[in-house]
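As structure tokens, the structure follows; a few thoughts come after it.
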There are 2 protein chains.
Amino acid sequence: MESREELTSVLRNKGFRLTPQREKILDIFYTLPEGEHLSAEDLQNILRRENSDISLATSYRTLKLLASLGVLRELAFAEDHKHYELVRFESGVQHQHIICVECGSTEEFTCVEVFQTAVEIAQSHEFELIDAQLKLFGRCKRCQDKTSNLPV
Amino acid sequence: MESREELTSVLRNKGFRLTPQREKILDIFYTLPEGEHLSAEDLQNILRRENSDISLATSYRTLKLLASLGVLRELAFAEDHKHYELVRFESGVQHQHIICVECGSTEEFTCVEVFQTAVEIAQSHEFELIDAQLKLFGRCKRCQDKTSNLPV
DNA sequence: ATAACTGCAAACAATTTGCATCCTT
DNA sequence: AAGGATGCAAATTGTTTGCAGTTAT
């Protein structure tokens, strides 16, 4: 997905339709700062704020569809709901996430080796590689400080 | 968690109790072949098969507890339920997963660089590192073959 | 015209929780 | 004895689905 305009052809190629809802949702992802990801609920909040009334069911359906088309990437963090982010090929190197298991905050980082490693491993397992995600779990600075101040 | 016996002290240190249920569940994980992971439902099935009647609620509570104690690692794959596996320090290098998004099957691989990379990145982000997971998503050989036989 | 799409509400699956009872410590 | 743990059932959360009406192609 190099540009927003491509969505039309990606959809049509598979017999899907371009609806205002799908356009709007993709729009929101394109407007997001690079590296930011949304849960279905986050998305609903943004839509509501912008007075776009798209039902929750449609949001879920659209997120799934766009993920299956490779437009969005589905992310599972520590929480029990999924997040989605734009797959951006332009930047070349995908960013990865470091997640605080205590407060749920995430930060992005990039790691050039991940992709090369992934390609090699997928090859040796005869997998057709779709995506590689390196996730680090830990406690962020703020949460570390919080605990160290607590009485023992 | 170097040995099963340590569980007692790990629990007691934090004021938790050693119950037959917790022992049994940990036992099951120790009996598993290295690298194997269970969902709460998998665990229930094994328990039932062995005539250990532990309620589902207790299984969930125990999995969460052991994960929070660092005894088990919580894994989120493509499906919408979690998996758990033993954290084995003995082996030094943690294994990672390659997951087929079509049939859900997983294979393990090891990658020595992951840990070193993780340590460096955590440091630069001031995170206290707990775990690093490299996940590859793709389509396994079997599913590739399946599709290529389909009529277009 | 006709399939695909949407919104709604009901259904589901995975997980959590309140509470009475039970059992480690 | 006392507080943590369990089992049960009810509640919650995140997500999916059936269906009737709507809309892109």
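Order of the sequence lines fixes the chain letters, A, B, ..., with proteins taken first and strands second; residue numbering starts at 1 for each chain.
If you find the closest nucleotide of DNA chain C to L18(B) and to H81(B), the one lying nearer the 5' end belongs to H81(B). Sequence order on DNA chain C of the closest nucleotides to R12(B) and H83(B) puts H83(B) first from the 5' end.
Under the rule for a side chain to side chain contact (heavy atoms under 4.5 Å, CB included), the partners of E74(A) that lie at least two apart in sequence or sit in another chain are K64(A), K82(A), Y84(A). Annotation: side chain to side chain contact (heavy atoms under 4.5 Å, CB included) contacts of Q44(A) (sequence neighbours excluded): L47(A), R48(A), L56(A), S59(A). For E23(B), the side chain to side chain contact (heavy atoms under 4.5 Å, CB included) partners two or more places apart in sequence, or in a different chain, are L18(B). Partners of Q123(B) under the side chain to side chain contact (heavy atoms under 4.5 Å, CB included) rule, at least two apart in sequence or in another chain, are V119(B).
Residue K64(A) places no side-chain N or O under 4.0 Å from the OP1 or OP2 atom of dT15(D).
Rounding to whole angstrom units, CG of residue D80(A) and P of dT16(D) are separated by 14 Å. Atom OH of Y60(A) is separated from atom P of dG14(D) by 7 Å (rounded to the nearest Å). K82(A) places its NZ atom 14 Å from the C1' atom of dT13(D), with the value rounded to the nearest Å.
Put simply, the residue from L66(B), L38(B), L65(B), I25(B) that forms a side-chain contact (heavy atoms from CB on, under 4.5 Å) with L72(B) is L66(B).
Pairs of residues two or more places apart, or lying in two chains, that qualify as salt bridge (Lys or Arg N to Asp or Glu O under 4.0 Å) and include a residue from residues 115-138 of chain B are R139(A)-E128(B), R73(B)-D131(B). Sorted by first and then second residue, the ring-ring contact (aromatic ring centres under 6.0 Å, His included) pairs with a member in residues 33-57 of chain A read H37(A)-F77(A), H37(A)-H83(A), H37(A)-H97(A); sequence neighbours excluded. Residue pairs that meet the ring-ring contact (aromatic ring centres under 6.0 Å, His included) test with at least one member in residues 112-139 of chain A, sequence neighbours left out, do not exist here. Under the salt bridge (Lys or Arg N to Asp or Glu O under 4.0 Å) criterion, no residue pair touches residues 103-116 of chain B, with sequence neighbours excluded.
Axis deviation across the helix from dA1(C)-dT25(D) to dT25(C)-dA1(D) amounts to 40°, comparing end segments of five pairs, rounded to 10 degrees.
With hydrogens and angles disregarded, no donor-acceptor distance shorter than 3.5 Å links the side chain of T58(B) to the backbone of I54(B).
Bracketed by its first and final contacts, the part of DNA chain C lying under 4.0 Å from non-hydrogen atoms of chain B reaches from dA14(C) to dT25(C) in 5' to 3' order.
Looking at L69(B) and K14(B), their side chains come closer than 4.5 Å, going by heavy atoms from C-beta outward. Side chains of Q133(A) and Q96(A) form a contact here, defined as non-hydrogen atoms less than 4.5 Å apart.
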N/O-N/O pairs, protein side and nucleotides 10-12 of chain D side, under 3.5 Å:
none

Per-nucleotide protein contact along nucleotides 3-9 of chain D, 5' to 3', at a 4.0 Å heavy-atom cut-off (B base, S sugar-phosphate only, - neither), is BBSBBB-

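No more than 12 heavy atoms of other residues, nucleotides or ligands shown are found within 6.0 angstrom of CD on E41(A).
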